[in-house]
Amino acid sequence: MKTLGEFIIENQNQFEYSTGELSRLLNAIRLASKAVNHEVNKAGLVDIIGATDQKNHSNEEQQKLDVYANQAFKRALINRQIVCGFASEEEDDFIAISSENDNKRNNYVVLIDPLDGSSNIDVNVSVGTIFSVYRRITPSDQPVSAADFLQKGAKQVAAGYILYGTSTILIYTTGYGVNGFTLNPALGTFYLSHPNLKFPAAGNIYSINEGNYVHFPQGIKKYIKYCQEDKNERPYTARYVGSLVSDFHRNLISGGVYLYPPTLSYPDGKLRLLYECNPIAFIAEQAGGAATEGKNRILDISPEELHQRCPLYCGDKSMVGDIDRFLKFN
Ligand code: AHG
Ligand code: MN
Ligand code: MN
């Protein structure tokens, strides 16, 4: 079976004038993900579960694993001088990285949700990491600026996630389809287990936190009722883990849609456009699915702020189409 390392090198030629820079970046993410996987697996044995006394930019309590995972990816990407910029859900602002060697200036910025599904850590339920890669737009002899990070999702060069689940799987796209690699923990090697992933033809799962039902827009309330209607053979069923990576991955493999609408506590939805919605949307589209904020394609949104939130309807294309119609006509 092909390893992730081999796959990255083989696919380097898809990019004209490739210098191997993106390959090095993906390899750094592969390495850091193994460290985080190891730490996640030890939760309960070592002092890694529970909260810190810190809050992140979005005023959310940082978990110890949030901080560990952020450090692991930051170290892998910054210390090895692999990227020119780094932004994270767990950092207040982006970090510009200058190259010590003028002849070897880096061209990519990475945006990351180092640990997705933090509320699931303490209860042994799957968590993940989500990453997004852009090519810088500021000239390479200048430090990166906010504009490099605030590009439309459609400009992503690569995106992926790691799901620390029953097994650990790394999924990524560089715009040529989506491939999945499962970690063999005994060898510490990722193997190509899910080549050219596509959503199945007819999805039937809807994933939403129904605990927020009373505050959902009318169209979403009606869509949920439509999924629950008992007409002859009701095709729909609900599944909700509460970590986007897990919910999205299940829907990608089994066929379904993920919804995070605006709520009372989160009038713009809870998920972050840059660290969660954009990378997941890129993967969804590459797998034959769709992602909107209720009307427009997620990847067409012009970001204004690093930590901005956005509603997300993402997964099976025809289910996303149904949701957009329910929102439009209700
Ligand atoms: P994070 O742990 O990175 O803050 O993300 C949590 C997100 C996402 O993973 C999940 O889908 C969603 O929050 C769950 O929200 P609810 O608890 O409101 O359902
Ligand atoms: Mn998250
Ligand atoms: Mn997170």
Side-chain angles (χ1 to χ4, degrees), residues 32-33 36 39-40 43 48-52 54-74 86-92 110-132 159-165 171 205-216 220 224 238-252 256-281 283-284 291 293 298 306-315:
S33 74
V36 174
E39 212 57 25
V40 167
I48 191 73
I49 52 178
T52 64
Q54 305 289 316
K55 296 215 164 154
N56 70 11
H57 185 86
S58 310
N59 208 27
E60 296 156 341
E61 207 173 49
Q62 283 183 312
Q63 305 294 311
K64 288 180 192 160
L65 264 176
D66 283 328
V67 175
Y68 177 89
N70 188 48
Q71 286 301 337
F73 286 100
K74 204 167 146 181
F86 177 86
S88 163
E89 185 185 278
E90 304 303 338
E91 303 276 343
D92 288 347
V110 165
L111 296 92
I112 198 160
D113 176 357
L115 216 283
D116 173 66
S118 311
S119 69
N120 282 330
I121 299 167
D122 295 0
V123 292
N124 243 318
V125 174
S126 303
V127 292
T129 294
I130 313 173
F131 65 91
S132 168
Y161 61 79
I162 299 110
L163 170 58
Y164 312 100
I171 302 277
I205 301 167
Y206 67 101
S207 308
I208 186 166
N209 184 345
E210 257 185 272
N212 297 321
Y213 184 86
V214 291
H215 304 299
F216 288 155
I220 296 303
I224 293 172
R239 288 283 184 280
Y240 191 72
V241 176
S243 20
L244 172 64
V245 169
S246 313
D247 283 307
F248 176 80
H249 185 70
R250 186 211 35 254
N251 294 343
L252 171 59
V257 72
Y258 178 92
L259 306 88
Y260 211 111
T263 63
L264 191 63
S265 339
Y266 299 107
D268 296 319
K270 182 185 178 191
L271 301 176
R272 264 80 21 150
L273 175 61
L274 301 187
Y275 316 113
E276 293 167 320
C277 303
N278 272 336
I280 291 291
I283 297 164
E293 40 73 80
I298 290 284
L306 268 185
H307 298 283
Q308 89 186 57
R309 299 182 193 265
C310 178
L312 178 68
Y313 307 102
C314 175

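First listed ligand is number 1; within each ligand, the first listed atom is number 1. Heavy-atom basis, side chains included; hydrogens, waters and symmetry copies ignored.
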When you compare the side chains of Y164 and S33, does any donor N or O come within less than 3.5 Å of an acceptor on the partner? no
Do N56 and E89 get their side chains close enough for a donor-acceptor pair, meaning under 3.5 Å?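 No pair is found: no donor N or O on one side chain lies under 3.5 Å from an acceptor on the other.
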I298 and C310, any side-chain heavy atoms less than 4.5 Å apart: yes
Mind checking whether the Mn ion (ligand 3) has an N, O or S of D116 under 2.8 Å?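 Of the N, O and S atoms in D116, none lies under 2.8 Å from the Mn ion (ligand 3), which means no.
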G117 N/O/S atom closer than 2.8 Å to the Mn ion (ligand 3): no
To the nearest 0.5 Å, tell me how far H249 NE2 sits from S126 OG.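 Here the interatomic distance stands at 9.5 Å.
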With a cut-off of 2.8 Å, does E276 put an N/O/S atom close enough to the Mn ion (ligand 2)?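 Short answer: yes, at least one N, O or S atom is under the cut-off.
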Atom name in D113, limited to N/O/S, at shortest distance from the Mn ion (ligand 2): OD2
If I compare all heavy atoms of C314 with all of F248, which pair ends up nearest, and what's the gap?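 Where C314 meets F248 most closely, the heavy atoms are SG-CE1, 3.7 Å.
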Where is the tightest heavy-atom contact between Q62 and E90, given as atom of each residue plus distance?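 What the structure gives for the nearest pair is NE2-OE1, 2.9 Å.
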The answer, listing residues by chain and number that come under 4.0 Å of ligand 1 through any heavy atom, is E89, D113, L115, D116, G117, S118, N209, Y240, G242, S243, L244, Y258, Y260, K270, L271, R272, E276
Using the six-membered ring wherever Trp is involved, compare the ring planes of Y260 and Y266 and label them parallel, tilted or perpendicular (cut-offs 30° and 60°).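 Ring orientation of Y260 relative to Y266: perpendicular.
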The Mn ion (ligand 3) is nearest to which N, O or S atom of E89? OE2
Please say whether more than 12 non-hydrogen atoms of neighbouring residues, nucleotides or ligands are located less than 6.0 Å from CG in N124. no
